Amino acid sequence: MAEIINLRQARKQKARAEKEARADENRIAFGRTKAEKNLTKAEQDLAKSRLDSHKRDDGEKP
C-alpha cells in the first residue's frame, strides 16, 4: 500500500524548501562583506580606466 500523507503538511514543507533555496541564492548574491564589495568595485574601476587609456584618437574633424 501507498504511504498516507497529509497534503497540507506536504505543501508547507515544499514551500519551506523553496524559500530556503531562494535564501541560499540570495546569500550567494548579496552576502558579501563591505570590503569584498569595495575590492570588486576598485577592480572594475581599474579595468575601465585601463580600457579607456588604450582607446585610439582617430583625429575626428568637427
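This one's a predicted model, so the numbers in the text were calculated from it and none came from an experiment.
Between K48 atom NZ and S53 atom OG the span is 11.0 Å, to the nearest 0.5 Å. We find the OG1-CG distance between T40 and D45 to be 11.0 Å, quoted to the nearest 0.5 Å. Note that CG of D52 and CZ of R50 are 12.5 Å apart. Values are rounded to the nearest 0.5 Å. A distance of 6.5 Å separates NZ in K55 from CG in L51, rounded to the nearest 0.5 Å.
Using a cut-off of 4.0 Å between Lys/Arg side-chain N and Asp/Glu carboxylate O, D24 and R27 are scored as salt-bridged.
Among the candidates Q13, R8, K14, Q9, the single residue satisfying the side chain to side chain contact (heavy atoms under 4.5 Å, CB included) test with R11 is R8.
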